[in-house]
Each structure stands twice: as structure tokens, then as C-alpha cells.
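Structure incoming, see below.
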Amino acid sequence: MFNIILFGPPGSGKGTQSERLISKYGFKHLSTGDLLRQEIAANTPLGIEAKNFMDKGQLVPDEVVIGMISTCVDNNPEVVGFLFDGFPRTEAQSEALDKLLKLKQTEIGVVLALEVSEEELVKRLLNRGITSGRTDDNNEEVIRARIVEYHKKTSAVADYYRKFEKVVNVPGEGSVDEIFDSLCREIDNRI
Ligand code: AP5
Ligand code: MG
């Protein structure tokens, strides 16, 4: 198994690039943002709790997302690898993920970190907000809160994996094709 974390701030292109990577390599895509939005759409108690945080641009509590990921990993024993998108987002989530993968006798192969300037992130998300229907995209204050949350809590995830020399920075501005080619090069060098 070869497992990847696609890392980066809100709007850096994790979802866009994940779609292409899963169709090329056959990874199982696990996006906690998508999973949480499914819970909200189904009006589950977990979704109702998560929505309060997401609408303000804040992270959902660790135990909620760790539980969700743990179930997904357990339900997919026969995959070529997992592509984690938007998870882990705190140091506690990183530690929990490492433990979970260890139980499956596997580990994170590489953390691919997309680098995009803050102004470009805001521009992309406001633009997507016109059509996405995502309540966290249509208000610049909430978008900026998501970026603050990223710097406060999520950038620590890259620091955590840097200790294990697993982080590769990839420029996240330019065409979607160019960025995809850079990501594939990094994966092909390690797989
Ligand atoms: P989540 O759904 O993960 O959202 P996010 O990380 O804020 O980022 P996005 O999904 O908005 O951006 P992306 O990097 O996927 O970029 P995309 O490809 O879409 O999380 C939402 C919320 O859920 C969080 O705020 C939190 O509350 C909660 N949550 C989720 N996971 C959690 C966790 N683990 N712990 C706690 N809470 C959690 O691209 C963005 C836009 O840019 C698109 O319109 C796209 O078309 C465009 N674009 C992409 N690439 C390019 C390019 N190269 N050039 C120009 N435009 C581009
Ligand atoms: Mg996304």
C-alpha cells in the first residue's frame, strides 16, 4: 500500500488534484470535508454538530473526524492506497492517523504540500462560492477565518511529518495540468 496526504490551505486545489490522482493511480479518496458535507446533507446528528463549526470556518473537533476516518479505513481493506484530502488537520489527527495505519501495517508514504498565496486562495474560493452552494465559500470573512485556522492549527501537520522527512512542497499556482504533472512526478519517484 502507498498512502498519500494531499496537504494545503483551503482552496489550494486538494479536491481538484485528488480527482485526477485517484483516476490515474486508483487510490481510495478520503476527504473529511466531503464526508462531513454528506453527513450534513443527510441531516445526521454528526452533520448537525459539524455544521456549526464549518459555517464559522472553524475546525470540527478531532474526535469526530478521527472516528469518521477510522471507520473508512476499516471498511476499505483491499485498496492500493489511501489519498487523504483535508485530513489530518491538527497534530492530534496526525498522531491518530499514524496509529491507525500502523495497526494495518502500513504508513504515510509522502505528504504533498500545495503552496498557494493567500490572495489567490481568497480569489479562488470567492469565485467558487458563486456556484458551489457551500456556505463557507460565499463570505470573505469566513474564508479568511478558514485560512487563520489553517495557520493556527493545520500548518503543524507539515511540521509533524517534516520530522520524518515525508513532506514535499509543490507549487500550487499555474495550470491544473502543470500541478498534476508535478504531483505525479513526486509519486512516481516513491511508489
Ligand atoms: P474542506 O472541504 O476540506 O475544505 P478546505 O480545506 O477548506 O478546502 P477546499 O475543499 O475548499 O479547497 P481544496 O484545497 O480542496 O481546493 P479545490 O480543489 O476545491 O473542509 C471544509 C470544512 O470542513 C473545514 O473548514 C472544517 O470546518 C471541516 N473539516 C474538514 N476536514 C476536517 C478535519 N480533518 N478536521 C476538522 N475539521 C475538518 O479548489 C478550490 C477552487 O479553486 C475550485 O473552484 C477550483 O476549481 C479552483 N482551482 C483549483 N486548482 C486551480 C488552479 N490551479 N488554478 C486556478 N483555480 C484552481
Ligand atoms: Mg476540498
Side-chain angles (χ1 to χ4, degrees), residues 4-22 29-41 46-73 82-97 100 111-158 160 170-183:
I4 296 175
I5 295 173
L6 192 52
F7 183 77
S12 56
K14 302 182 296 294
T16 305
Q17 297 296 338
S18 287
E19 251 181 57
R20 295 175 159 229
L21 292 170
I22 55 170
H29 183 208
L30 290 185
S31 156
T32 38
D34 290 348
L35 293 168
L36 290 167
R37 280 184 289 277
Q38 283 166 22
E39 297 282 340
I40 293 173
L46 192 156
I48 293 165
E49 188 197 352
K51 191 174 185 329
N52 282 324
F53 295 95
M54 292 166 77
D55 282 350
K56 292 188 208 123
Q58 294 169 358
L59 293 186
V60 172
D62 284 337
E63 56 277 16
V64 174
V65 284
I66 291 168
M68 240 170 38
I69 284 288
S70 169
T71 307
C72 289
V73 168
F82 291 102
L83 174 57
F84 296 99
D85 159 4
F87 179 89
R89 251 174 153 104
T90 61
E91 194 167 337
Q93 291 181 24
S94 312
E95 286 167 0
L97 178 61
L100 198 69
V111 179
L112 299 169
L114 292 168
E115 295 185 302
V116 177
S117 72
E118 181 156 339
E119 285 326 296
E120 172 71 12
L121 297 174
V122 174
K123 199 173 86 187
R124 286 184 189 180
L125 293 177
L126 280 173
N127 189 36
R128 186 177 63 186
I130 299 168
T131 54
S132 69
R134 270 180 62 167
T135 47
D136 57 349
D137 273 355
N138 55 18
N139 174 329
E140 184 164 343
E141 227 172 278
V142 175
I143 292 174
R144 299 247 179 222
R146 285 158 65 192
I147 296 172
V148 168
E149 195 82 332
Y150 170 82
H151 288 299
K152 229 167 51 185
K153 298 177 184 161
T154 305
S155 55
V157 170
Y160 173 86
V170 176
E173 291 186 42
S175 77
V176 171
D177 284 343
E178 274 165 9
I179 299 162
F180 180 64
D181 288 344
S182 309
L183 294 171

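Each residue takes its place number in the sequence, starting with 1. Bear in mind the structure is a predicted one, so any value in this text is a computation, not a measurement. Computed over heavy atoms, backbone and side chain alike; hydrogens, waters and symmetry mates excluded. Each ligand, and each atom within it, is numbered from 1 in the order the structure gives.
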Atom CD of Gln58 with >12 non-hydrogen neighbours under 6.0 angstrom: yes
Full working for side-chain contact (heavy atoms from CB on, under 4.5 Å) between Phe7 and Thr154: CA-CA 9 Å; Phe7 183 77; Thr154 305; 3.7 Å; yes
Ion pair Glu149/Arg146, N-O distance below 4.0 Å: no
Contact check: Arg128 vs ligand 1, nitrogen or oxygen atoms, below 3.5 angstrom: yes
Reported CG-to-CD1 distance for the pair Leu114 and Ile179, which is rounded to 0.5 angstrom: 7.0 Å
Protein heavy-atom partner closest to atom 56 (N) of ligand 1 - residue, atom, separation in Å: Arg124 NE, 3.5 Å
Nearest non-hydrogen protein atom, atom 37 (N) of ligand 1: Val60 N, 3.0 Å
Option whose closest heavy atom lies nearest to atom 38 (C) of ligand 1, chosen from Arg89, Glu19, Met54: Arg89
Any donor-acceptor N/O pair, Glu173 side chain to Ser117 backbone, under 3.5 Å: yes
Sidechain-backbone polar pair: Gln93 side chain, Arg89 backbone, donor-acceptor under 3.5 Å: yes
Any N/O pair Ser12/ligand 1 closer than 3.5 Å: yes
Any donor-acceptor pair under 3.5 Å from Lys14 side chain to Gly86 backbone: no
Short N-O contact, Glu140 and Arg144, less than 4.0 angstrom: yes
Residue, atom name and distance, where the atom is the protein heavy atom closest to atom 26 (C) of ligand 1: Gln58 O, 3.6 Å
N or O pair under 3.5 Å between Phe53 and ligand 1: no
For atom 31 (N) of ligand 1, the protein heavy atom that lies nearest, with its residue and separation: Thr32 OG1, 2.7 Å
Ligand 1 atoms in contact with Gly174 (distance to a heavy atom under 4.0 Å): 52 (C), 53 (N), 54 (N)
Nitrogen or oxygen of Gly15 less than 3.5 angstrom from that of ligand 1: yes
Residue and atom name of the nearest protein heavy atom (relative to atom 16 (O) of ligand 1), distance in Å to one decimal: Gly13 N, 3.1 Å
Ligand 1 contact on Gln93 by region, counting heavy-atom pairs under 4.0 Å: side chain
Residue pair His151, Ile147: steps toward the side-chain contact (heavy atoms from CB on, under 4.5 Å) verdict: CA-CA 6 Å; His151 288 299; Ile147 296 172; 3.8 Å; yes
Leu36 and ligand 1 - part of the residue with a heavy-atom distance under 4.0 Å: side chain
Check ion pair Glu39-Lys51 (N to O, under 4.0 angstrom): no
Closest approach of any protein heavy atom to atom 13 (P) of ligand 1, naming residue and atom: Lys14 N, 3.5 Å
Distance-only N or O hit between ligand 1 and Arg134, under 3.5 Å: yes
Part of Leu125 within contact of ligand 1 (heavy atoms, under 4.0 Å): side chain
Minimum-distance protein heavy atom relative to atom 45 (C) of ligand 1: Thr16 OG1, 3.8 Å
Val65 contact mode with ligand 1 (heavy-atom cut-off under 4.0 Å): side chain
Gly11 touching ligand 1 at heavy-atom level, < 4.0 angstrom: yes
Note: Arg124-Glu118 ion pair, threshold 4.0 Å (strictly below): no
Pair Asp177 + Arg20, salt bridge at N-O below 4.0 Å: yes
Exercise: identify the closest heavy-atom pair between Ile5 and Phe87: CG2-O, 3.9 Å
Heavy-atom nearest option to atom 1 (P) of ligand 1, drawn from Ser132, Gly57, Gly33: Gly33
Test of proximity, Ile179 against ligand 1: N or O pairs below 3.5 Å: no
N or O pair under 3.5 Å between Arg37 and ligand 1: yes
Under 3.5 Å: N/O of Asp136 near N/O of ligand 1: no
Presence of salt bridge, Arg128 and Asp137, under 4.0 angstrom: yes
Nearest-contact summary for atom 25 (O) of ligand 1 - protein heavy atom, Å: Arg146 CG, 4.1 Å
Gly86, any N or O under 3.5 Å of ligand 1 N or O: yes
Pair Val142-Thr135, side-chain contact (heavy atoms from CB on, under 4.5 Å): steps then yes or no: CA-CA 9 Å; Val142 175; Thr135 47; over 6 Å; no
Polar proximity ligand 1 side, Asp137 side, N/O cut 3.5 Å exclusive: no
